[in-house]
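Notes to accompany the following structure.
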Amino acid sequence: GEVIVDPLIRTTMSDDRGEEPRYRGYAASELCSKGYGIEDVVALLWNKKLPSREESEIIKRIIMISADHGPAVSGAFGTILGACAGIDMPQAVSAGMTMIGPRFGGAVTNAGKYFQMGAKEYPNDISGFLAWMKKNVGPVPGIGHRVKSLRNPDQRVKYLVSYVKNETSLHTPCLDYALEVEKVTSAKKDNLILNVDGTMGAILIDLGFPIHSLNGFFVLARTIGMIGHWIDQNQQNSRLIRLYDYLINYAVEDEREVPEKK
Ligand code: ACO
Ligand code: LMR
């Protein structure tokens, strides 16, 4: 008799059963031959539709601008530590990836989520939004930077905001709200600026990307940087890293004798 088996998984994304993979029905080679770029493929696979030319120019800039931020930041440093310990590329890059979280690089999703919520629930009431965030969430995702501030602005943020607002016709209610939040938080403390995670999150919401995709933009972009750091350390035959004592505050007990076990 006929055996009916329930499918194990359901996909709405891609199909490789033909001669080549199809992304949401489009042949990968046809996307290439018709002049689409990697930013269009990202939008197709993550947002299930091809963006307009203007939208894809914004997506491309978001990826370019967040690809790397030097060796000192948590992600790159994690990868460099791995590379110097002789760890292979995928594992060393994943060590860096592990650092992407609520404080570093992984605040894009929640920034987009909460700025969107604020724009809806607390329009024209930034103080109300901040009070709600303090009570229910904690630090506002997308706000604050360890070294950037009003006096030392983050040029990536300045550029992205200016590009989207002056050189495109994108409607930007979420970004506008994030900028209003920044006005209030940065007046309290000058490093509480809109950071690159917050800027990306707000713009991606305005572009219509699903909430769950937003951190993916930092993960994708920063993978480019982390791979670069791994290659860089390997090309230099870098030695194992071990922290010098002067970089550690040993707040420990004085040396003492172990008491007899009772
Ligand atoms: N919202 C509200 N208050 C904040 C925020 C925030 N987002 N960030 C810092 N503060 C306050 C803290 O409560 C603290 O206040 P206090 O002095 O009264 O205790 C003060 O500012 C200093 O806070 P720290 O955590 O010491 O600041 P630090 O410079 O170490 O933090 C960080 C930088 C981790 C980015 C922080 O601002 C934060 O958590 N922001 C939200 C998460 C985020 O957006 N991360 C992405 C950063 S961009 C990137 O990684 C690419
Ligand atoms: C980054 O893009 O990695 C930075 O904004 C984080 C940092 O602390 O500089």
Side-chain angles (χ1 to χ4, degrees), residues 61-82 92-119 122 125-161 174-175 177-205 211 213-230 232 249:
R61 282 164 173 78
I62 285 176
I63 297 169
M64 286 172 71
I65 230 157
S66 50
D68 191 38
H69 205 236
V73 304
S74 308
F77 188 52
T79 295
I80 290 171
L81 273 175
V93 170
S94 83
M97 282 289 138
T98 304
M99 306 303 157
I100 297 181
R103 295 183 183 162
F104 166 75
V108 189
T109 292
N110 279 340
K113 173 175 153 184
Y114 288 116
F115 289 143
Q116 186 180 42
M117 182 282 284
Y122 294 93
D125 179 14
I126 304 297
S127 311
F129 170 70
L130 290 174
W132 188 90
M133 291 298 288
K134 193 170 181 179
K135 181 159 176 265
N136 297 287
V137 179
V140 182
I143 293 289
H145 199 277
R146 178 57 71 83
V147 295
K148 299 292 176 189
S149 66
L150 287 179
R151 280 168 297 133
N152 174 28
D154 190 331
Q155 294 306 335
R156 300 169 297 177
V157 171
K158 296 283 168 214
Y159 172 78
L160 271 183
V161 172
C174 195
L175 178 60
Y177 193 79
L179 290 166
E180 289 304 312
V181 172
E182 177 189 44
K183 277 186 201 155
V184 176
T185 54
S186 64
K188 288 184 187 162
K189 198 158 180 282
D190 82 343
N191 72 328
L192 296 185
I193 52 163
L194 181 63
N195 61 39
V196 80
D197 281 23
T199 312
M200 289 165 64
I203 294 171
L204 289 163
I205 289 286
I211 286 283
S213 71
L214 304 195
N215 276 341
F217 283 86
F218 193 92
V219 169
L220 171 71
R222 203 48 71 92
T223 301
I224 300 170
M226 290 180 194
I227 290 173
H229 283 291
W230 186 89
D232 182 40
N249 176 357

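We count ligands from 1, going down the list as the structure has it; atoms in each ligand are counted the same way.
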Ligand 2 contacted by His145 (non-hydrogen, < 4.0 Å): yes
Can you tell me how the ring of Tyr177 sits relative to the ring of Phe129, calling it parallel under 30°, perpendicular over 60° and tilted otherwise? perpendicular
Compute the shortest N/O to N/O distance between Asp154 and ligand 2 and return yes if it is under 3.5 Å, no if not. no
Just by distance, do the side chain of Thr79 and the backbone of Trp230 share a donor-acceptor pair under 3.5 Å? no
Heavy-atom protein neighbour under 4.0 angstrom from atom 44 (O) of ligand 1: yes
Polar contacts were defined as any N/O atom of the residue lying under 3.5 Å from an N/O atom of the ligand; does this apply to Arg146 and ligand 2? no
Give me the nearest non-hydrogen protein atom to atom 3 (O) of ligand 2 as residue plus atom name, then the distance to 0.1 Å. Arg222 NH1, 2.9 Å
Does any N or O of ligand 1 fall below 3.5 Å from an N or O anywhere on Ala107, backbone included? no
Is a side-chain N or O of Asn191 found less than 3.5 angstrom from the main chain of Arg146, in a donor-acceptor match? no
Short check: is a protein heavy atom less than 4.0 Å from atom 15 (O) of ligand 1? no
Going by heavy atoms, is Gly198 under 4.0 Å from ligand 1? no
For ligand 1, which is the ligand I care about here, please tell me if Pro141 has any N or O atom under 3.5 Å from one of the ligand's N or O atoms. no
Pro139-ligand 1 polar pair, N/O distance under 3.5 Å: no
Does some non-hydrogen atom of the protein lie less than 4.0 angstrom from atom 27 (O) of ligand 1? no
Does an N or O anywhere in Asp197 fall below 3.5 Å from an N or O of ligand 1? no
